[in-house]
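Notes for the one structure printed next.
The figures that follow rest on heavy atoms only: side chains count, while hydrogens, waters and symmetry mates do not. Only a predicted model underlies this, so the values are computations on that prediction, with no experimental measurement involved.
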Amino acid sequence: TLGQIAGYAPAEAAGEHAFFHLPVGDLMPWLIVVVMGIGGLASGWLVYTFAPEAEGHGTDAAIDSFHNQRGLIRARIPVVKTLASAITLGTGGSAGREGPIAQIGAGFGSFLATQFNLSARDRRIMLAAGMGAGVGAIFRAPMAGALFAGEIMYRDADLESDVIVPTAISSIVGYSVYSLALPANLQFSPLFGRELNFTIGSPLELLPYALLAVVLSVVSVLYIKTFYGFHDLFARLPIPRHFRPALGATLAGLLGVSLYFLMQEDLNVLAVLGTGYGTLQQAFSVDEPLSIKILLLVALAKILTTSLTISSGGSGGVFGPSMVIGGCLGAAVGQAFHSLWPSVVPDPQTFAIVGMAGFFAGCARAPISTIIMVSEMTGDYKLLLPTMWVSTLCFLFGHRWTLYNRQVRSRLESPAHRGDFIVDILEGIQVADVFNPHKKIRCIPESMSLEEMVHMLATTRQHYFPVIDQEDRVVGIFSSDDVRSYLYDQTIWHLANARDVMTSKLASVTPADDLNSAMRRFTALNVDELPVLAPDDSGRLLGMLSRKEAIDIYNHRLLEQKQANEEAVS
């Protein structure tokens, strides 16, 4: 649409393939603004009329569904997201494909799980598998797609381990099917082509890479604050939300066209619109490198156009723009160091590849999958060392900020795993850690008359009473409530004894049992205390375990765990 009407066809990555070949007319820059505005209007109407959850970049919605919605995504979401994203990207919106494909894949996974009546846990796994398949296919990065779906859920260095095998399978299948739809020369090839062949020359090169990490971290904070600043600004505008994407897209188009004229009609600056992958591909070029001025201008302006396009409610991802911003920043820093220190930085283009990974690793809190994804997208693992170095530093520097507000810090804080952690904590505590073996317990001989038992209740605050035989072995237990049921029938006070009142179906625990087992017995019998018996002699009483003691120590351990996590984060 953009090429036919406005005469602008954004350059793509070397490994991309246009499935539809449409004629491109003469370039008319101001028509770009018109096309983008109409695209924003169509996308806004479609999203806010049929599926408001499909607004924005989509990944946050999928993450929120995983943690808080039991993996449920409405069946219409994938369809609406597909159409709205196609309109946004096809009309020149500054956005990526990661967010849409993540939500689309997650939606299909959730839909299939619902159709097969799977449990909430399995539905979450299917949701993540859909995300992995979509991301692995669209970026030609099957391994990264599998890890991305498990890593993107959390802000800290945590991983949703339950989904790794299913996402690996779905990512491989998705990548294979998508690749088979491409021409033979592009099947199973990296997104940015095969010609990239860079290496790290010297360990000294890690020093300028460390400075690159500082630059990327600062700009990533600027990116996040700008993105959500525009989001809040558009939310406060007194106009119907259906029209906000049109306003954002129009402003983004005006900014891009203005820069085009400001830079004397340099087509490279129009990379601030669309995906920008063509300019990123050129940043890897050894023969025709872009100037530092153009690289910095594209990187900083891309922050504004992406924020205007997506924060206003337009449908598109933030991963692609993040790659362009990080890659252009990296290329600019690389060229600067090459001019100052050419013996250490012989190939400034390597900084563009490393910058892609570092920038998104810091923004999205997903260093491992990003490292692998960039390596798969460029088809080059020789820069794994500097990529790991910069991505790790950016992850550490940017721990307070994230592009995905719906991420939780760790599995401990995820509602999806709340029950898991209750069991984990309880299983980590033994009965021996809780009950007091020195607490005096009044035991009742099995021959004690009911009358004696009634009078005994008036002199003690004990509620549960173990019943013992002549050898002091526990044979049963009764509660004060069991005795009170006989208070108004004095005719049997002299006839009945403790053996008649007690229950011989004794539920007990040993000091080696864990609290999870004890809590199951408390719940099954609806009792508040359990006798603790010696493991080598099942009739010898060691003490009593109360439900209150078990809950108190669980709350204490849970508080300790939360404080330890907070200290680790700070």
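- In this structure, the side chain of Ser110 does not engage the main chain of Leu127 through any donor-acceptor pair within 3.5 Å.
- Comment: Arg121 does not engage Glu160 in a salt bridge, judged by the lack of any side-chain N to carboxylate O separation of less than 4.0 angstrom.
- Between Gly136 and Ser171, the closest heavy-atom pair is CA-OG, 3.6 Å.
- The side-chain hydrogen bond (donor to acceptor under 3.5 Å, both in side chains) pairs that include a residue from residues 131-141 number zero, where partners must be two or more places apart or lie in different chains.
- A donor-acceptor contact shorter than 3.5 Å links the side chain of Asp60 to the backbone of Arg406.
- Residues meeting the salt bridge (charged side-chain N to carboxylate O under 4.0 Å, His left out) test with Arg244, sequence neighbours left out: none.
- In the model, Ser94 has no side-chain atom that pairs as donor or acceptor with a side-chain atom of Thr309 under 3.5 Å.
- Applying the salt bridge (charged side-chain N to carboxylate O under 4.0 Å, His left out) test to Glu376 and every residue at least two apart in sequence or in another chain returns nothing.
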Tell me which donor-acceptor pairs under 3.5 Å the side chains of residues 318-337 have, and how far apart each pair is, sequence neighbours excluded?
from, atom 1, to, atom 2, distance (Å)
Ser322, OG, Val318, O, 2.6
Gln335, NE2, Leu290, O, 2.6

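- Using a 4.5 Å heavy-atom threshold, the side chains of Arg411 and Ser161 count as touching.
- Going from atom CD1 of Ile104 over to atom OG1 of Thr82 covers 3.0 Å, rounded to the nearest 0.5 Å.
- Expressed to the nearest 0.5 Å, how far OG of Ser189 lies from CG of Leu182 amounts to 7.0 Å.
- For Met388, the CE atom is loosely surrounded, since the number of other residues' heavy atoms within 6.0 Å does not exceed 12.
- Counting only distance, with no hydrogens or angles, the side chain of Ser65 and the backbone of Leu72 share a donor-acceptor pair below 3.5 Å.
- Contact annotation: the side chain of Ile303 approaches that of Val219 to within less than 4.5 Å [non-hydrogen atoms, C-beta and beyond].
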Less than 3.5 Å apart, which donor and acceptor atoms pair up between the side chains of residues 345-360 and the rest of the protein, not counting sequence neighbours?
from, atom 1, to, atom 2, distance (Å)
Gln349, NE2, Ser285, O, 3.3
Thr350, OG1, Tyr209, OH, 2.9
Thr350, OG1, Asp347, O, 2.8

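- Atom CE in Met36 sits 14.0 Å away from atom CD1 in Ile87 (nearest 0.5 Å).
- You'll find the side chain of Met131 stays beyond 4.5 Å of the side chain of Thr167, heavy atoms only.
- Residues Phe188 and Leu180 meet the side-chain proximity criterion, which asks for heavy atoms closer than 4.5 Å.
- Screening residues 140-172 for ring pair (Phe, Tyr, Trp, His ring centres under 6.0 Å) gives His67-Tyr154 as the qualifying pairs, with residues at least two apart or on separate chains.
- Here CG of Leu212 is found 9.5 Å from CG of Leu393. Values are rounded to the nearest 0.5 Å.
- Annotation: ring pair (Phe, Tyr, Trp, His ring centres under 6.0 Å) contacts involving residues 75-94, sequence neighbours excluded, are absent.
- Take Tyr404 and apply the ring pair (Phe, Tyr, Trp, His ring centres under 6.0 Å) test, not counting sequence neighbours, and it matches His57.
- Every side-chain contact (heavy atoms from CB on, under 4.5 Å) that Ala120 has, sequence neighbours left out, goes to Arg70, Arg123, Arg124.
- Annotation: side chain of Cys394 is in contact with side chain of Leu216 (closest heavy-atom distance under 4.5 Å).
- Listed here is the closest heavy atom pair of Ala54 and Val47: C-CG1, 3.9 Å.
- With values rounded to the nearest 0.5 angstrom, Leu159 atom CG is found 4.0 Å from Ile164 atom CD1.
- Among residues two or more places apart in sequence or in another chain, the side-chain contact (heavy atoms from CB on, under 4.5 Å) test is passed with Phe230 by Thr226, Leu233, Phe234, Leu304, Ser307, Leu308, Ser311.
- Side-chain contact between Tyr277 and Arg97: present, with at least one pair of heavy atoms (C-beta onward) separated by less than 4.5 Å.
- Checked by atom type and distance alone, the side chain of Gln407 pairs as donor or acceptor with a backbone atom of Ile152 at under 3.5 Å.
- For the atom pair CG (Leu112) and CE (Met126), the distance works out to 4.5 Å, reported to the nearest 0.5 Å.
- For the pair Glu12 and Thr275, the minimum side-chain heavy-atom distance is below 4.5 Å.
- Between the side chain of Thr402 and the backbone N or O of Asn405, no donor-acceptor pair lies under 3.5 Å.
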Show which side-chain atoms of residues 247-262 pair as donor or acceptor with protein atoms under 3.5 Å away, not counting sequence neighbours.
from, atom 1, to, atom 2, distance (Å)
Thr250, OG1, Ala246, O, 2.7
Ser258, OG, Leu254, O, 2.7

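- The side-chain heavy atoms of Lys293 and Met263, taken from C-beta on, include a pair separated by under 4.5 Å.
- The closest side-chain donor-acceptor pair between Ser315 and Ser85 falls under 3.5 angstrom.
- At distances below 3.5 Å, not a single donor-acceptor pair connects side-chain atoms of Lys81 with backbone N or O atoms of Gln103.
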- request: List the steps and the verdict of side chain to side chain contact (heavy atoms under 4.5 Å, CB included) for Leu280 and Phe192.
  value: CA-CA 9 Å; Leu280 188 55; Phe192 288 101; 3.7 Å; yes
Donor-acceptor contacts under 3.5 Å from residues 362-372 side chains, at least two apart:
from, atom 1, to, atom 2, distance (Å)
Arg365, NE, Arg155, O, 3.2
Arg365, NH1, Phe395, O, 2.7
Arg365, NH1, Gly398, O, 3.3
Arg365, NH2, Phe395, O, 3.1
Ser369, OG, Glu151, OE1, 2.8
Thr370, OG1, Ala366, O, 2.5

